[in-house]
Structure formats: C-alpha cells, structure tokens
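Presented below is the structure to which this report refers.
Naming convention: chains lettered A, B, ... in sequence-line order (proteins, then strands); numbering from 1 in each chain. The basis for the numbers below is simple: all heavy atoms, side chains too, and nothing from hydrogens, waters or symmetry mates.
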Amino acid sequence: MSEQNLFDDVATQSVEERLAAEALIVDVEGYEGPLDLLLTLSRTQKVDLRRISVLELARQYLTFVDRAKELRIELAADYLVMAAWLAFLKSRLLLPPDPEEEGPSGEELAAHLAFQLERLQAMRDAAARLMGRDQRGRDFFARGKGEDVERIRSVTYSASLLDLMQGYARIRTKDDFRPFVMDRDSVYTMEEALERMRSLIGFTGSWTDMLSYLPDGWHTDPVRRRSATAATFAASLQLVKEGKLEIRQSESFSAIQLRSLDEEN
Amino acid sequence: MDDHGLDQTAEQPEGGPLERDSLFEAPPMVEQERMVEAVLFASSEPVTLRDLAGRMPHGCNPGEAVEHLRKRYEGRGVRVVRVGDAWAVRTAPDLGFLMQKEIVETRKLSRAAIETLAIIAYHQPVTRAEIEEIRGVSVSRGTIDQLLEMEWIRLGRRRMTPGRPVTFVVTPSFLDHFGLESARDLPGLKELRAAGLLENRPPPGALPIGHGEDGEHEIGEQPELFEE
Amino acid sequence: MDDHGLDQTAEQPEGGPLERDSLFEAPPMVEQERMVEAVLFASSEPVTLRDLAGRMPHGCNPGEAVEHLRKRYEGRGVRVVRVGDAWAVRTAPDLGFLMQKEIVETRKLSRAAIETLAIIAYHQPVTRAEIEEIRGVSVSRGTIDQLLEMEWIRLGRRRMTPGRPVTFVVTPSFLDHFGLESARDLPGLKELRAAGLLENRPPPGALPIGHGEDGEHEIGEQPELFEE
C-alpha cells in the first residue's frame, strides 16, 4: 500500500532530484542524525525555511529511507524512528482532521519541525559567523611577552575545575568498584526459584501469569521483587528447556504466562 | 575658561592637572592614563578595572583613564579593547598578516564542537538536553570536555527544573578569543532573538528529534546530588 | 621617479634599503609605523630592522618607521627602546612600581588535596572523618591546612554529634577560582559521566555508577551550604 505511494513519489521526482537523493544515500555517514539530513533535503526546495513544505520534506525523507533500504544501507535507529514519525505526520497532514483525535494537529507538528530546522540552520550560520570573526592568535595578538619588572616570589597552587571534577569522579568510581558484596537479604536465587516452581507447576493446567509464582513477601519491596522476578524467569526458562513448561508473551512488556507441559496434554 | 578655580575635582578636564589641595590627591589624568597604558601593555591577559584600581595610587579613576587611552589608540597598530569587565591591548586585526611567526596553531575544533559552542554562546545558560534538542543528536563524549578544557565554556547555575540539570555559559577567554566585548555583542544576536530562534519552544506532543537513544537523557530525569 | 601622478606619500628617503623601483608602491609611513607598532608589541623577543623589513611589504623603511614610533611614545607609559641591534616595547621605568605584580610560581595542587577539596565541595559541610571515609585513606593534617591557607575552605558549624567534630565548607574565593556561582552547580556523577569525565567505565558486573543508594543521599540531608 505505501509502496504504491512510494512509487508515485519516485515517479514525480525529476532526474536531478533522484541523482541528488542517490548522492545523499551514498553519503549517509556524513550526516549528524535525521535533523541534519532533513535540513539538507530542505535545501532542494530552495525557499525560505519558514515557508518550507513539510509534507514535501516528509516525502523526500521517506523516499530517502526507502532507497537506503533498497540499497541495503544500514540506517541507524534514530533515522528509522524519524521515518516512522514523519509517516505519521504525513498522514495527519493529508487526512482531514479527526475531531475525535487527541493531541496536536498535523499543522502544529509541522510548524514545530519547521521551527527546529530553522533554528538549527540559524545556529549553523551563527557558528560560521563566529568562526569567521578575527581570532586571537590568528588575526590579532596579545603582548608577546609579559613584563616582569620585579619578582616578588610566591607560590600559589592551582587546580582547574576539570581537575576537581575528575578527582571527585575518580573517588566515586573507585567507590563503585569496591569488591561487590551480595546483600543476601534481598536476593532470591535461581535455585530457590527452581525448587519452588518444581513443586508448583504440577497444579498449573492453564496459562498463568509468571508473577504469581513469586514467593510470599517478595512482591512489595521493589528490590526484592526485581530479584525474585529475575530468578523465577530464569527458573521458568530452565523448566521449558527441560520440557516441563510452556512459556508465552503476547507482546512486548505484557505479562509472561506459563503452562505446565504434562505428559497428558 | 573656569575662573574661580574651584570647579569640581571629580570632573577632571581631559589631561588637566589637578590642583593639589590634598596630600593624597590622585595623580593627573594624563598620568593615570600612562599608568593604565603601562599595565595593559605589560599584561598579556585582560586586566579588570578593579585590578587596575588596586595597583594604581589611591583616588585614581581607571575607568576614565582607560577611556582616554582607548581613544588615543584608535586607528593605531595596537588597540585597547574591552573583554567582559576587563581591558586589554591587542594588535589591530588588519595587521595579522605580519604576524606569521606569532600564530599559534590551535587545535582544530570539530564541526560538532563549533556548533555546540555557538549554541552555548547564543542560548546561555543552556543545558546539555537543550543542546541536544537543537542539534538533533546527542552531544558526544568529549565535546563539552574539550570546550571546558579550552576554557571557552564553564558551568553556570543549575536550571531550576526537575532534575536540576547543570547549565553551560561562555567565559571571558571565549570573549577574548573572538574579540567580543560581551556576549551581547555576538553577531546577529538581536536578529535571532527577534526571529524567536533563541526561544526554547517545547514540542507539541512528543517529537522524536533530539532524544539521544541511550542513557544520555537521564540527566533530565535523574534526581540530583544536591536535591533536597 | 614615478611620473604618472600617483601621489603616494612614501618617497623612499635616504637609507631606504630598497632602491629598486618596484611594481608596488610602499605603504604610507603612518601605515608602516602601525605595522612596526604591532610587530614590536606582539613579538616575544626584540625585533631587528632586518627582521622587520622581512615581514613588512616590499619597499618599506622600518628604520624610519621605528624612529617615528619611538618619538610618538616619548613620555608615554611605554617606550620603544633599542636592545642591541633590535627594538622592543618596554614599560617606562618610572612606572615600574605598577609592575610589582608578584611573579607567582604556580604549582599543581596535589592529588590528595584535589580529592579532599572535591569531597568538601560536593559534600559540605563535612567532617574530617567523613572525608576519610569517602576517600578510603586518612587525610593528612597538611592537606587540610593547605586548603585552609589558600582560603578555599573554611570551618563550618560543629556537627551536633558526639565529640562535636568541626566541619569544613568551601569559601567564596573557591567559587571565584573555579568560576562557579555556587557549589550546587557542580555536576553530579551521571553528568560527569555524560560529559566524558569519568575516565574508566565500570568493569562488567560492577554496579552502575550513580545508583549508589548510599553516599549520594547524605548530601541531600545536609542542611544549607554556606550556612548562616
């Protein structure tokens, strides 16, 4: 479905634009993230950034990402996140606003993206102007040699802020590197979990939430709960491996469910 | 022009010598100007008015003396320039070509470092998260470190927002390096402000831009050391 | 010599080293004087006429320019002086008293002192026993004394615990030296790491930095920095 769209997009591009896109793809390493790439793409529109067509820009970006995929160029995750977001933005911009929908409108999102691009461009220009200024040690100079007329000798000690922060970091890191002593009170071992599970799974015919296997008293305190969950999960995997248990999770972060795999089933 | 002789001492006519009605009268302005000239020439780093006042005899007005001196050197081979709240003598930029021998090769800054520096200068005080939001990528390790080491940026006040993140501001050496009197004199600052480009606009809803993938952001969320 | 009316000032006077009529007219004498002024100022060593001629555009007469410059500085706060066969800018001798800025020898603070100072800055008010606990080694008397003498730390309130130990806090001159507005602006561990200031990453298996459920808190519980 979106493929059809994509073909349309590609078809409407001029040869020149396609060549430009090709060059961009080859050069993908040279970009500092999606915003940088978007800014480069926006230049092909040759208009003031305030009047840029974000819809057009979204199309260009999505084409870029698809072409990169075609060419089997690995894109970093944030490029793909941006692609997903722009696809969403594109659909918002194309469809009439749904009064039921919550959240910002397509136009608001597009305006903010345009603002971000303009601001980034402005900062780049400012950086260039700054570096273009006369600089000390290159264009203008300080006194070559300070004068020492009378030496009243005294010693001062200096330290920079970096020294200070690094010093502190050093101590505190050292602290974190101290031999690690297990706090046994809050650790539930896998052996314990395995023992407990073995005695319980016989009773589990239907899918049951793994968390219900946590021992009493390990549910509330987050530290203890974390340890017990990890141990129970590891024990479950062990039992799956042994062919005693089935395990499933319907989607990311949803509950992990267990079922015994008895000979009878 | 002034016939009853006792016109206010405070208003020193340029270079006019003082009538000495006190044992500790400040030296005449020409003399003060000479002193300032000597001190500024001798020091390679900018000297504050306070430091000048501390070195000059009691009752001097270094601010006024500097102003005279500045005028005197207009159009000359060296100039008296202001750097923050301090003053320095620097060669005229159009004569840089004579100074091949003195040029110090500075470490070349990466594009990321230059942009980060510009963002700090124009948006200061600014947090790391804000820099990332503007650049759309996370600030790499070492970039801030490098700028701190060059003493072009320093820590500002913590932002009074959740997590109380640290902020960064530019330093007097930054001003000195780029020949700026103050951060207000950054090129194009007014126009950028007028165009609203220095505002920190929150994104409507959540935008994916500027959110470094990994842990970098914790900064914003993490309870801080000095949290009460 | 040059008849088509380009009335350029610099008629090469006698002693002009370069008699060959060149394609380029030498800059006007005032301009040459500016050049000499800038070079003498910026150079770390006295500069010979020959060196000046080598740096200045073709056809210049540095000897004459130096002479003009020397006259111009007569009676000023600095003078153009001859050093052997070279020239330099020097402070007028009668103003030497302004230059008594003590020539200070700067030494790096010892590692023990930096660490002790860092702990006081991050944990203030803090007792000596606490410093020792955090550093894991005892703090020598000399270290604390040195920091006290430098006026980077001072005594805070006594701790209301048995033995009523004295505490240490950092001073305004500490803040001044490190360019901080308050000790609260020091970055926390996570921020230090994000800025690439933690030199080493924890070995695999160690606790993640900054989650120390211990140490961090005590800071939060301490009352005010700079109490009273």
Side chain / backbone / both / neither for C/Arg72 at chain B, heavy atoms under 4.5 Å: side chain

Which portion of B/Leu69 sits near chain C, non-hydrogen atoms under 4.5 angstrom: side chain

Quick one: which residues of residues 85-94 of chain B reach chain C at under 4.5 angstrom, heavy atoms only? B/Val89, B/Arg90, B/Thr91, B/Ala92, B/Asp94

Find the distance between CZ (C/Arg76) and CG (C/Leu95) and round it off to the nearest 0.5 Å. 10.5 Å

Should the pair B/Lys71-B/Glu74 be classified as a salt bridge under the 4.0 Å nitrogen-to-oxygen rule? no

Sorted by first residue and then second, give each ring-ring contact (aromatic ring centres under 6.0 Å, His included) pair with at least one member in residues 137-156 of chain B; sequence neighbours left out. B/Trp152-B/His177, B/Trp152-B/Phe178

So CD1 of C/Ile131 and CZ of C/Phe168: to nearest 0.5 Å the spacing works out to 6.0 Å

Determine yes or no for a side-chain-to-main-chain donor-acceptor pair under 3.5 angstrom, with B/Glu132 supplying the side chain and B/Val139 the backbone. yes

Whatever's closer than 4.5 Å to a heavy atom in chain B on C/Glu31 counts as side chain

Minimal non-hydrogen separation, B/Cys60 against B/Pro27, with atom names: SG-CD, 3.5 Å

Taking everything shown except B/Gln124 itself, do over 12 heavy atoms lie less than 6.0 Å from its CD? yes

